[in-house]
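For reference, the structure is listed below as structure tokens.
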Amino acid sequence: LSELGSESAKIKAMGIMDKLSTDKTVKVLNILEKNIQDGSKLSTLLNHNNDTEDEERLWRDLIMERVTKSADACLTTINIMTSPNMPKAVYIEDVIERVIQYTKFHLQNTLYPQYDPVYRVDPHGGGVLSSKAKRAKCSTHKQRVIVMLYNKVCDIVSSLSELLEIQLLTDTTILQVSSMGITPFFVENVSELQLCAIKLVTAVSNF
């Protein structure tokens, strides 16, 4: 899926995606939706009290692999839909909604807690720290896999703004996209995402 994501970006840049058979492209999009769905609601912030540290790390690695795979499927989907001169049949509403659902969930539940400790929930129900205290305790070190996922999600958010310029979306979907575009401005340490969100909010306002 990672390779498919990078290859679809090349085909999009070459402007030849529309030369592919529409039926086959739609079939690919439906398969991609299943892969997006696989990681769309997986929580990466695990804390199993009964597990050893090694077991928890192995389990988290497995979850992150599935979440990253779903991100690649999202990118491939958006690359197909935002390529020039694509037929109307590729703009499948359910697939678009699945991409938005995945992105919104992992921004809120995976990336924001990693980049801004104010968004972290104490699993042991400890005392609530103030925003300043939480942010002061934040470590700047990030796992490579989290940084990779962050970059992929930034690409998805940026590409969604392109999709808005091409395809009419339902009011419900636009509301979802709007909240996704506004929330990053209340999160710290996500400046790249905020730049992508500016594009998204601008596209929504022009809708």
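Predicted, not measured: the structure shown is a model, and the values here were computed from it.
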Is it true that a side-chain atom of Asp38 and a backbone atom of Lys34 form a donor plus acceptor pair closer than 3.5 Å?
-> no
Rounded to the nearest 0.5 Å, how far apart are CG of Leu32 and CD1 of Ile92?
-> 9.5 Å
Under 3.5 Å, is there a donor-acceptor pair between the Ser179 and Lys104 side chains?
-> yes
Option among Asn79, Asp72, Thr77 that satisfies the side chain to side chain donor-acceptor pair (under 3.5 Å) test with Ser8 = Asn79
Closest non-hydrogen atom pair, Ala197 against Gly181 = CB-O, 3.3 Å
Going by heavy atoms in the side chains, are Lys41 and Asn109 under 4.5 Å from each other?
-> no
CD/Gln101 to CD/Gln37 distance, rounded to the nearest 0.5 angstrom?
-> 8.0 Å
Would you tell me whether Glu192 and Tyr150 have side-chain atoms, one donor and one acceptor, within less than 3.5 Å of each other?
-> yes
Using modelled atom types only, decide if a donor and an acceptor are shared between the side chain of Ser6 and the backbone of Glu3 within a distance under 3.5 Å.
-> yes
Check the surroundings of atom CD in Glu65: do more than 12 heavy atoms from other residues, nucleotides or ligands lie under 6.0 Å from it?
-> no
Is there side-chain contact between Ile174 and Leu164, with heavy atoms separated by less than 4.5 Å?
-> yes
Gln108: what forms a side-chain hydrogen bond (donor to acceptor under 3.5 Å, both in side chains) with it, not counting sequence neighbours?
-> none
State plainly whether one hydrophobic cluster holds both Trp59 and Ile146, where clusters connect Ile, Leu, Val, Met, Phe, Trp and Tyr through side-chain heavy atoms under 4.5 angstrom apart.
-> yes
Is the closest side-chain heavy-atom distance between Ile198 and Phe185 below 4.5 Å?
-> yes
Val28 with Val26, same ILVMFWY side-chain cluster at under 4.5 Å = yes
Can you tell me if Ser40 uses its side chain to pair, donor with acceptor, with the backbone of Tyr102 under 3.5 Å?
-> no
Could you tell me whether the side chain of Asp116 and the main chain of Glu188 form a donor-acceptor pair under 3.5 Å?
-> yes
Go through the steps for Met64 and Met148 under the test side-chain contact (heavy atoms from CB on, under 4.5 Å), then give the verdict.
-> CA-CA 11 Å; Met64 283 305 301; Met148 193 188 305; over 6 Å; no
Nearest 0.5 Å, what's the CD1-SG distance between Ile36 and Cys74?
-> 4.0 Å
Close side-chain approach of Met81 and Val95, heavy atoms under 4.5 Å = yes
Output, in order, the C-alpha distance, side-chain angles, deciding distance and verdict of side chain to side chain donor-acceptor pair (under 3.5 Å) for Thr22 and Thr25.
-> CA-CA 5 Å; Thr22 302; Thr25 305; 6.0 Å; no
Under 3.5 Å donor-acceptor, Gln194 side chain and Pro184 backbone | yes
Donor-acceptor pairs under 3.5 angstrom involving side-chain atoms of residues 14-21: please list them, not counting sequence neighbours.
{"unit_1": "Ser21", "atom_1": "OG", "unit_2": "Asp23", "atom_2": "N", "d": "3.4"}
{"unit_1": "Ser21", "atom_1": "OG", "unit_2": "Lys24", "atom_2": "N", "d": "3.3"}

Check whether any side-chain heavy atom of Met180 lies under 4.5 Å from a side-chain heavy atom of Ile100, and answer yes or no.
-> yes
According to a 4.5 Å side-chain heavy-atom criterion applied to Ile, Leu, Val, Met, Phe, Trp and Tyr, with indirect links allowed, do Val67 and Leu62 form part of one hydrophobic cluster?
-> yes
So which heavy atom on Ile31 is nearest to which on Asn35, and how close?
-> O-ND2, 3.0 Å
Side chain proximity check, Tyr112 to Phe186, heavy atoms < 4.5 angstrom = no
Can you check whether Tyr91 reaches Leu163 side chain to side chain, under 4.5 Å on heavy atoms?
-> yes
Which is it for Val157 and Lys199 under the side-chain contact (heavy atoms from CB on, under 4.5 Å) test, yes or no, and what are the steps along the way?
-> CA-CA 9 Å; Val157 171; Lys199 285 177 64 180; over 6 Å; no
Check whether any side-chain N or O of His106 sits under 3.5 Å from a backbone N or O of Ala71 as a donor-acceptor pair, and report yes or no.
-> no
Are Ile156 and Leu4 connected in the hydrophobic side-chain network, where two residues link if heavy atoms are under 4.5 Å apart?
-> yes
Contacts of Thr82 that satisfy side-chain hydrogen bond (donor to acceptor under 3.5 Å, both in side chains) - sequence neighbours left out | Lys12
Nearest heavy-atom contact between Cys196 and Cys154 is SG-O, 3.4 Å
Look up atom CD1 in Ile63 and atom CG in Leu42, then write down how far apart they are to the nearest 0.5 Å.
-> 4.5 Å
With a 4.5 Å limit on heavy-atom distance, are the side chains of Leu193 and Leu107 in contact?
-> yes
Enter the distance from Glu97:CD to Leu169:CG here, rounded to the nearest 0.5 Å.
-> 9.0 Å
Heavy atoms of Asp94 and Glu33 approach each other most closely as O-OE2, 4.0 Å
Cluster check Leu111, Phe105: I/L/V/M/F/W/Y, side chain < 4.5 angstrom = no
Main-chain N/O of Pro113 paired to Arg120 side chain as donor or acceptor, under 3.5 Å = yes
What distance separates Ile80 CD1 from Ile11 CD1, expressed to the nearest 0.5 Å?
-> 8.5 Å
